[in-house]
Amino acid sequence: MAILNYFAIGILVAILGAQVFQRPFWDKRLIKAVFIFSAIFIFSYLSFLSWQQYWAWKNSEITRYFLPPYTGIFYFISYVKMHLWNSYLVSLLFSVLIFNIFSFINKKYSERFFYPEEIYLAALAAFLVGYPAVFFYFILIILIYLLFHIFSFLISRFSLQRFSLYYLWMPLAIFVILISGWLQTLLAWKLLKF
């Protein structure tokens with residue numbers, strides 16, 4: 001799955017570069033297109049890995065008994081779903097949920113919390129970090145947001161300023177992917193993994 005991490009980091013770096021340099025084509029349509037491209041690439045790669053797993057099992061004297069006609073196909077499907085697909089299926093579901101919640105909140109409060117394309121950035125980052133890293137990602141986002149507000153409160157003496165995470169969604173997602181090897185050793189990661 002290291003290939004998917006490299007792919008995700010590449011996409012996140014490219015989006016961060018587009019954010020920073022504000023190219024003329026930069027808007028939420030670009031992020032939507034990148035999201036769709038990323039989903040197609042990731043699920044195509046997972047399909048390829050599933051196909052390889054099927055043929056590896058079929059050509060083994062022991063594991064061929066886990067495939068039809070010896071066993072129903074559902075055993076194989078549940079195996080590849082659990083070992084290959086779950087991480088990105090759950091993160092896709094989580095990113096859709098984040099997109100809808102952030103859109104609802106932003107619309108209800110007259111776009112006071114997020115820039116229009118920021119919601120797409122959050123959803124893309126949530127999808128690309130995968131599950132269960134997405135939980136650590138949002139914990140990190142919330143901690144940084146709270147630390148900024150505490151620091152701002154202490155410095156400016158009760159004056160709360162608006163703080164946008166616009167330029168933090170991508171770098172923090174990259175950071176979480178880079179430390180995911182270490183995160184996998186944590187008990188919390190093991191408890192969230194299924």
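Heavy atoms only: backbone and side chains are in, while hydrogens, waters and symmetry mates are out.
Linking Ile, Leu, Val, Met, Phe, Trp and Tyr residues whenever their side-chain heavy atoms come within less than 4.5 Å places L168 and F148 in a single cluster. Note on L165: it clusters hydrophobically with Y109, by side-chain heavy-atom contacts below 4.5 Å among ILVMFWY residues. Under the 4.5 Å side-chain contact rule for hydrophobic residues, I15 and V20 share a cluster. F48 and W55 fall within the same hydrophobic cluster, where Ile, Leu, Val, Met, Phe, Trp and Tyr residues are linked whenever their side-chain heavy atoms come under 4.5 Å apart, directly or through other members. Under the 4.5 Å side-chain heavy-atom criterion for ILVMFWY residues, no single connected hydrophobic cluster contains both F99 and I40.
With contacts defined as side-chain heavy-atom distances shorter than 4.5 Å, the pair L121/Y115 does not qualify. Residues S91 and Y88 form a side-chain contact, since some pair of their non-hydrogen atoms from C-beta on lies under 4.5 Å apart.
Applying the side-chain contact (heavy atoms from CB on, under 4.5 Å) criterion to F104, with sequence neighbours excluded, gives K108. Looking at residues two or more places apart in sequence or on another chain, you find a side chain to side chain donor-acceptor pair (under 3.5 Å) between S50 and W85. In this view, K81 and N86 satisfy the side chain to side chain donor-acceptor pair (under 3.5 Å) rule, not counting sequence neighbours.
Side-chain N or O atoms of S60 include none that pairs as donor or acceptor with a backbone N or O of A56 at under 3.5 Å. Listed for the S103 side chain is no donor-acceptor partner under 3.5 Å among the backbone atoms of N100. Within the 3.5 Å criterion, the main-chain N or O of P68 finds no donor-acceptor partner in the side chain of T71.
Between K190 and Q184, the shortest heavy-atom distance links the atoms CE-O, 3.6 Å. For the pair Y166 and Q19, the tightest heavy-atom approach, listed with the atom from each and the gap, is O-NE2, 2.7 Å. The heavy-atom pair separating L46 from L84 by the smallest distance is CD2-O, 3.6 Å. Among all heavy-atom pairs drawn from A125 and A173, the shortest one is CB-CB, 3.9 Å. Of all the heavy atoms in Q53 and Y79, the pair that sits closest is CD-CE2, 4.0 Å.
Note: L128 CG to I42 CD1 = 5.0 Å, rounded to the nearest 0.5 Å. Interatomic distance, CD of E118 versus CZ of F113, reported as 11.5 Å (0.5 Å rounding). In this structure, H83 NE2 and S78 OG are separated by 8.5 Å, a value rounded to the nearest 0.5 Å. Between the CD1 atom of I9 and the CG atom of L4 there is a distance of 11.5 Å, given to the nearest 0.5 Å. Separating the CD atom in E117 from the NZ atom in K32 is a distance of 12.0 Å, to the nearest 0.5 Å. The NZ atom of K28 lies 15.5 Å from the CG atom of L124; values are rounded to the nearest 0.5 Å.
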Give every donor-acceptor pair under 3.5 Å between a side-chain atom in residues 176-183 and any protein atom, sequence neighbours left out.
from, atom 1, to, atom 2, distance (Å)
S180, OG, I177, O, 2.8

Just list the side-chain donor-acceptor pairs under 3.5 Å for residues 129-144, sequence neighbours left out, or say none.
from, atom 1, to, atom 2, distance (Å)
Y131, OH, L192, O, 2.4
Y137, OH, W169, O, 2.7

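Not less than 6.0 angstrom separates the ring centroid of F35 from the ring centroid of Y120.
Other residues, nucleotides and ligands contribute at most 12 non-hydrogen atoms within 6.0 Å of the NZ atom of K58. Surrounding CZ of F7 are more than 12 heavy atoms belonging to other residues, nucleotides or ligands, all under 6.0 Å away. Heavy-atom contacts from other residues, nucleotides or ligands closer than 6.0 Å to CZ of F151 number 12 or fewer.
Looking at W57, F66, Y70 one by one, the single match for ring pair (Phe, Tyr, Trp, His ring centres under 6.0 Å) with F76 turns out to be W57.
Residue I62 shares its hydrophobic cluster (ILVMFWY side chains chained together at separations under 4.5 Å) with no other residue.
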Query raised in the report: When you look at F102 and I98, which way does the side-chain contact (heavy atoms from CB on, under 4.5 Å) test go after all the steps?
Result: CA-CA 6 Å; F102 286 8; I98 287 298; 3.7 Å; yes
